[in-house]
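The structure appears below as C-alpha cells.
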Amino acid sequence: MKDTVRQSPRTRVLLELRPAFDGFAGIPQETRLLFRGLRMLESCEVAGMLQMSNRILAKGINEQGLLPESLWMSEAQKINRYSRIVTSAAERPYVTFVQALLDLCVRRVNSAALSVQTLLSLKSVRLWSFHTAHFEDFIWQSLFAKSLPASDFELVTRARQFVCRTPWQSMHMAGLRTLTFRRTAKYPKLRTPGTNIFITQTPYPARVSRGTSMVVRYHDAVPVFMPHTIGDVSLHQASHYHALAANVAAGARFACVSAATRDDLLRLFPRAESQAVVIHNMVSHHYFGENSSPQLVPGIIRTRLHEPDPDTGVDVRPKFLTLREQESFYSRNLQKKPLRYLLCVATIEPRKNHGRLLAAWEVIKAETDPDLKLVVVGSLGWNYLKTVQGFRPWIDRGELFMLSAVPAPDLRVLYRHAAATVCPSIGEGFDFSGVESMRSGGVVIASGIAAHREVYADGAAYFDPYSTVDLVAMLKKVLYADNAARVQQALRHRADEVSARYLPAQVLPQWDVFLADVVAKRKTAIPRPVAATTRLPTQTADAAEES
C-alpha cells in the first residue's frame, strides 16, 4: 500500500475590503494589493468582507442555522438578493432631502439599538454570503480596478465575499457610547465562525468569534500623535484610540507597515510588544523601469487634470472664456522641451506638507530654474483650502498642475520623467509614492521622518520637513550642483535595490510565515479548537473547486 501524505488544511482568512471602495490613497491601495497577494498563497483560503463606512448594505444569503436560505430559495431569488447588494453599494446616497432625513433617522435608530445590544451582550453582527458569479464586474470596478492590472481580474473576482450590513462607523459609535457606563469601550461582536484569521486595515470596532484571531494591519498612529492634522478631529481620534485599545486588550496581532509604526504602537501600549510584527507594504507590480517617451507627459497632465469636487464645488482648474483660449494656454505652458517638473503624489491635507514644497519650489523658480513646473497628484482630503489658495496663483499662470485619479501606467511615466519626486510629509507610516518612484526609475527627495528613512533607506535624499531652507538646499544639491548627474545616478542605483525589498516576491513569504504563526499560537491558546470541518459560511463549494 502506498503511503499517503495528509495535507494540512488551508488557513481560512477573511479580509476587510471596506477601504478598497475608496480612491487611490495608501490604505485603499494596500487593501487591494494585500488581497491579491494573499490569494496567491497556497496555504490560505481567502475571502473578502464587504462593508461600507456609513451606508447600510442589503443582506445576502443566510447559509447558517437549521434551515439555511440557500436550501429553499430559487436561483432567481438568490441572484436578485445579490443584485440588491450591488445596488445598495453603488447607488447615489441621496436624491431628495426627505430621503436624506429618513436615512439619517434609520441609521440613528439602528446605531442606538446596536449600542444597547452591545452593552448588554444581547446580539452579534451577522455576516451574509455573497456569491460573486455574475457580479464580477462590480467586484472589479468597485474594489480592485484602481490598483490592479486586468491580468488579476479572475484572481480577485472569483474569491468568495461576505457582507457586513452594519456600517463601520455605526460599530465605532456603538463602542464609544458604552464609555458612558464603562471605563473601557465595549464593541459589537462580529460573527466569524469557521474563520481562522480576520484581517482588518485599521483598528477594528468589533470583537470576533472564539477560534478566530484578529490581525490589525496597522498603518500609523497619526490620529493619536498628530490629531491636529486629521479631519473630524474628535471623532477620528476617539474612534482610533478606543478601538485600538480594545484590539490590544483582546489579544489581536498587529502587522505594522514599518518599524516606525510599531514603535508608535508600543509607545501607546507597551504590552503589545509580543503581539506586533513588522511587514512592510507591497509595491504594485504596475511600477517598473521602462524607456517611455517624455513626450507622453503633457498629454497625461492634460487628461488627468483635477476635476471639480462634487461635494464642495471647489474647482482648481484655470478658468477660460473660450476653447481656443484654453488650448493656447496649455500649448504654451506644456509644450516646452524638455518639460522639467517636480512631482508630489499625496492627498491634499495638512500632514502631507504641500506648503513646504510650494515655498521651496517658489525659491528655486526665483533663484535657479524659472522654467521648473510643479505637478501635484492627489485628491482633496481635509483642511485643504489654505494649500489650494497657495496653489491658485501658480495654477492660473500655468506653472502648477493639480491632477487626480491618475492610473498607475500614467503615474509610472510621471515618476520616470520628473526632475525629482518630493515626499514632504511630516508624518507617515510607509508612503507608497517614494517606493513607486524608485521602482519607476525616478529620483526621490524625502522628508527625514523615521518612516521615510526606514523605508527609503539610502535610496533617497533627505531634508528637514520643517525647514524651507533645507529643502531648497537639497533640491539644489540633487538637481543643480556641478556633480548633480552623479548624485542622481547614485540615488537611482540604490533606489532600484531598496525598492525591490517591497516586491510581492519578497513580502508575501513574510505573510505566509506570520499567518502560520498566528494560527499555531491560537491552537495552543484554545483547549478545543474549531473543528477542521467548520468553514467560512457558504464557502465549501468554491473552496473545493479552487483546491
Classify the side-chain pair S258/T261 by whether it contains a donor and acceptor separated by less than 3.5 Å.
yes
Taking the side chain as every heavy atom from C-beta outward, state whether K78 and H131 have any atom pair closer than 4.5 Å.
no
Let me confirm one number: the CG-CG distance from L50 to L127, rounded to the nearest 0.5 Å.
10.0 Å
Show every donor-acceptor pair shorter than 3.5 Å between a side-chain atom in residues 343-352 and any protein atom, with sequence neighbours excluded, or say none if there are none.
unit_1 : atom_1 : unit_2 : atom_2 : d
R351   : NH1    : G427   : O      : 2.7
K352   : NZ     : E428   : OE1    : 3.4
K352   : NZ     : E428   : OE2    : 2.5

With respect to R217, which candidate in T200, L15, V257 satisfies the side chain to side chain contact (heavy atoms under 4.5 Å, CB included) definition?
V257
Taking atom OG of S234 and atom CG of L176, what is their separation to the nearest 0.5 Å?
11.0 Å
Between the side chain of R160 and the main-chain N/O of A47, is any donor-acceptor distance below 3.5 Å?
no
Hey, are R439 and E436 close enough for a salt bridge, meaning a charged N less than 4.0 Å from a carboxylate O?
no
With a 4.5 Å limit on heavy-atom distance, are the side chains of L491 and V444 in contact?
no
Looking at G60, is its backbone amide N or carbonyl O close enough to the side chain of R81 to form a donor-acceptor pair, meaning the two atoms are under 3.5 Å apart?
yes
What is the distance from atom CG of L190 to atom CD of E16, rounded to the nearest 0.5 Å?
10.0 Å
Quick one: does any side-chain atom of R191 pair with a main-chain N or O of V125 as donor and acceptor, under 3.5 Å?
no
Can you name the closest pair of heavy atoms from R522 and T212 and give their distance?
NH2-O, 3.0 Å
The test is side-chain contact (heavy atoms from CB on, under 4.5 Å); show your working for I197 and V519 and say whether it passes.
CA-CA 8 Å; I197 299 174; V519 171; 3.8 Å; yes
What's the shortest heavy-atom distance between L143 and R32, and which atoms?
O-NE, 2.7 Å
Judged by atom type as modelled, is there a donor-acceptor pair below 3.5 Å linking the side chain of S209 to the main-chain atoms of T192?
yes
Below 30° counts as parallel, above 60° as perpendicular, anything between as tilted: where do the rings of F130 and Y82 land?
tilted
Across all chains, not counting sequence neighbours, the side-chain hydrogen bond (donor to acceptor under 3.5 Å, both in side chains) partners of T11 are none
Minimal non-hydrogen separation, C44 against L515, with atom names
SG-CD1, 3.8 Å
Using 0.5 Å steps for rounding, measure from the CG atom of D263 to the CG atom of L268.
11.5 Å
Output yes when a side-chain donor or acceptor of N54 lies under 3.5 Å from a complementary backbone atom of P167, and no otherwise.
no
For V283 and N281: C-alpha separation, side-chain torsions, deciding distance, then whether side-chain contact (heavy atoms from CB on, under 4.5 Å) applies.
CA-CA 7 Å; V283 65; N281 285 333; over 6 Å; no
Should the pair R36 and F144 be classed as cation-pi, given the thresholds of under 6.0 Å to the six-membered ring centre and 45° from the axis?
no
Side-chain (T180) to main-chain (R177) donor-acceptor, under 3.5 angstrom
yes
Does CD in E136 sit with more than 12 non-hydrogen atoms of other residues, nucleotides or ligands closer than 6.0 Å?
yes
Would you say the rings of H240 and Y218 are close, in the sense that their centroids are separated by under 6.0 Å?
yes
Test side-chain contact (heavy atoms from CB on, under 4.5 Å) on L235 and Q169 and set out the steps.
CA-CA 10 Å; L235 180 59; Q169 195 62 51; 3.7 Å; yes
Taking S440 for the side chain and Y287 for the main chain, is one N or O donor matched with an acceptor at less than 3.5 Å?
no
Rounded to the nearest 0.5 Å, what separation is found between the CZ atom of F254 and the CG atom of L266?
10.0 Å
Over 60° means perpendicular and under 30° means parallel, so tell me whether W140 and F153 are parallel, tilted or perpendicular.
tilted
Assess whether atom CZ of R84 is packed by more than 12 heavy atoms of other residues, nucleotides or ligands within 6.0 Å.
no
Only one of T229, I230, V224 forms a side chain to side chain contact (heavy atoms under 4.5 Å, CB included) with M226, so which one is it?
T229
Do L41 and V46 have side chains that get closer than 4.5 Å, going by heavy atoms?
no
Geometric class of the Y456/H452 ring pair [parallel <30°, tilted 30-60°, perpendicular >60°]:
parallel
Closest contact, heavy atoms only, Y415 versus S437:
CD2-CB, 3.4 Å
Does a side-chain heavy-atom distance below 4.5 Å link L244 with F269?
yes
Within the side chain of R262, is there an N or O that forms a donor-acceptor pair under 3.5 Å with the backbone of E273?
yes
Measure across Q506 and Q510 and return the closest heavy-atom pair with its distance rounded to 0.1 Å.
O-NE2, 3.1 Å
Nearest 0.5 Å, please: how far is CE in M214 from CD in Q275?
12.0 Å
Quick one: are P188 and L114 in side-chain contact, heavy atoms under 4.5 Å?
yes
Do S147 and S284 touch side chain to side chain, with heavy atoms closer than 4.5 Å?
no
Measure from NZ or CZ of R412 to the centre of the six-membered ring of F288 and say whether it is under 6.0 Å with the direction within 45° of the ring axis.
yes
Could you walk me through whether R207 and S124 pass side-chain contact (heavy atoms from CB on, under 4.5 Å), step by step?
CA-CA 9 Å; R207 298 163 290 141; S124 56; over 6 Å; no
Given 3.5 Å as the limit, does a donor-acceptor pair link the side chain of R12 with the main chain of T195, or not?
no
Is there a donor-acceptor contact under 3.5 Å from the side chain of R55 to the main chain of A89?
yes
With a 4.5 Å heavy-atom cut-off, do L33 and F432 have their side chains touching?
yes
Would you please classify the geometry between the Y502 ring and the F430 ring as parallel, tilted or perpendicular, with 30° and 60° separating the classes?
perpendicular
Is it the case that the side chains of R18 and T31 hold a donor-acceptor pair, with the cut-off being a distance below 3.5 Å and no angle test?
no
Hey, are the side chains of D517 and R253 touching, using non-hydrogen atoms and a 4.5 Å cut-off?
yes
Quick one: do the E454 and H280 side chains pair a donor with an acceptor below 3.5 Å?
yes
What closest approach, in Å, do M173 and S115 show between heavy atoms, and which atom pair accounts for it?
O-OG, 4.2 Å
